[in-house]
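The analysis underlying the following values was restricted to heavy atoms, covering all of them including side chains, and did not include hydrogens, waters or symmetry mates. Owing to the predicted nature of the structure, the values given are computational and were not obtained by experimental measurement. Indexing begins at 1, ligand by ligand and atom by atom, following the structure's order.
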Amino acid sequence: MSTLIKNGRIVTAEQDYIGDIFIENEKITLIGESLDITADTVIDAKNKYVIPGGIDVHTHLDMPFGGTTSSDDFFTGTRAAAFGGTTSLIDFAIQPKGKSFRDGLNIWKAKAEGKAVIDYGFHMIITDLPDERISEMTEMIDEGVTSFKLFLAYPNILMVDDATIFKAMKHAASIGALICMHAENGMVIDDIVKETVAAGKLSPVNHAISRPALAEGEATHRAIALAQMAGAPVYIVHLTCNDALEHVANARAKGLPAFAETCPQYLFHSIDDMDTPDFEGAKLVFSPPLREKWNQEKLWAGLKQNTLQVVATDHCPFNFKGQKDMGIDDFTKIPNGGPSLENRLHLTFEGGVNEKRISLNRWVEINSTAPAKIFGMYPKKGSISVGSDADIVVWDPNAEHILSAETHHMNVDYSMYEGKKIKGDVDTVLSRGKVIVQDNEFKGTAGEGSFIKRAPYGSAWD
Ligand code: URP
Ligand code: ZN
Ligand code: ZN
């Protein structure tokens, strides 16, 4: 099967030109001006942007968490991703405590197989790391799971101590693994949470109040220092605030391989949005939490200046009715997480490109090319070049779109962006050359997404 995308404005992280793209056997095989070639399918992209498909490197599909399970599975979640122009994602597999990484990988592969409509990879969440398990990190690299997440938060659930992190980082440095850090000081937060509850402060906003920005700043600094001592690269996930950003900026200024992502929720919401008299604030309960509004411009500047390299969603959806309301009387029982897998390209286009905070090339870079490079998928993914996978989005910069739970495809009963108007929308989405979304209609098939065997860290940087 062959496809020709004609007359589009091809925008990559570096380039911007009018051209045609010819696709055969799932790959881009030819790019040129006014290609004189016949194809089984022709897509006219005149007046539209043609970009590499979005890559969301932080999702939690079908994940047991906080006494319940995230409400999108690998079918509904990847379908929603496709509607939003995301054609690859990396989800987090969890090592069952005391068991092998392979057990965790098998559980998550079984969740995805037969369901995913776009390509997917996995990070491995390390919950314990006795010496005899260290070699399993190398096994994961051989499986194409080349990044690991460790938590400095959630004591007794996911948190590990500094010695474990240091051990993981030292081994990561020797095998080309990338350590991803959830950077919040969990012990301090637990103490503040106990005080807050004892004082009878139980509404949703108290979740955010009890997790101060300084607890994220301290943990970010510690994670970077541990990585420096271990001689390892480090990637800070879901960075929210200037306290943490400054530590990443300082590390990068010293030439350290420190990377960080932020998420749309931190660019568009602040703690003020949680402070409602009803339970609505629960829709915005996630960790790390929302910050004071002034942090938003710092994050946008961080994206522009490359202190932050990636926007990922941390998509971890829980329904308002039946899940978030488990914590109606006590914020500590609200499952942590929010939905935005479908909204990332829209939001960063509106807030970034339309509002002139970042360039069009940078929009492509933070949503697709940089995540592909950092996580060992480039140039197969994140690129429009001969030989790369034909994961392509035709984007209409003039189409109007309104974000709403009524029309979104995520399996969750609310939107964090209800009613928000966006100028710019997905027109057509191709996953390895096959059209999976067109004219707002789903044309994909459950199970057609494949596991992405990722390369070790460094392959795109050396
Ligand atoms: O609140 C969040 N972020 N839930 C998902 C788990 C995590 O820490 O990423
Ligand atoms: Zn996290
Ligand atoms: Zn997460």
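Here E448 pairs with K434 in a salt bridge; the nearest charged N to carboxylate O distance falls below 4.0 Å. Here K381 pairs with D389 in a salt bridge; the nearest charged N to carboxylate O distance falls below 4.0 Å. Under a 4.0 Å N-O distance rule, the pair K194/D191 does not qualify as a salt bridge. At a threshold of 4.0 Å, the pair R291-E216 counts as salt-bridged, since one of the basic side-chain nitrogens sits closer than that to a carboxylate oxygen. Salt bridge status for K380 with D391: absent, with no side-chain N to carboxylate O gap under 4.0 Å. Using a 4.0 Å cut-off between charged side-chain N and carboxylate O, K453 and E143 make no salt bridge.
Considering only non-hydrogen atoms, atom 2 (C) of ligand 1 lies nearest to S287 out of C180, G66, S287.
If you number the atoms of ligand 1 from 1 as listed, the ones under 4.0 Å from a heavy atom of H182 come out as 8 (O). Interface atoms of ligand 1 facing F151, defined by a heavy-atom separation under 4.0 Å, are 8 (O). Listed by number with element, the atoms of ligand 1 under 4.0 Å from a non-hydrogen atom of D314 are 2 (C), 3 (N), 5 (C), 9 (O). Per-residue contacts place H60 under 4.0 angstrom from the following atoms of ligand 1 (heavy atoms of the residue considered): 5 (C), 6 (C), 7 (C), 9 (O). Close contacts of ligand 1 with F286, meaning ligand atoms under 4.0 Å from a residue heavy atom, involve 1 (O).
With respect to atom 4 (N) of ligand 1, the closest heavy atom belonging to the protein is N336 O, 3.1 Å.
At least one donor-acceptor pair closer than 3.5 Å links the side chain of R344 to the backbone N or O of N367. Checked by atom type and distance alone, the side chain of E184 never pairs as donor or acceptor with a backbone atom of Y154 at under 3.5 Å.
Excluding waters, the set of protein N/O/S atoms under 2.8 Å from the Zn ion (ligand 3) reads H58 NE2, H60 NE2, D314 OD1.
Within the structure, the closest approach of F92 to ligand 1 does not fall below 4.0 Å when heavy atoms are considered.
In K149, the part holding a heavy atom less than 4.0 Å from any atom of ligand 1 is the side chain.
Note that K373 lies in the cation-pi zone of Y378, set by a 6.0 Å cut-off to the ring centre and a 45° limit from the axis.
Taking the six-membered ring for Trp, H238 and H182 have ring centres closer than 6.0 Å.
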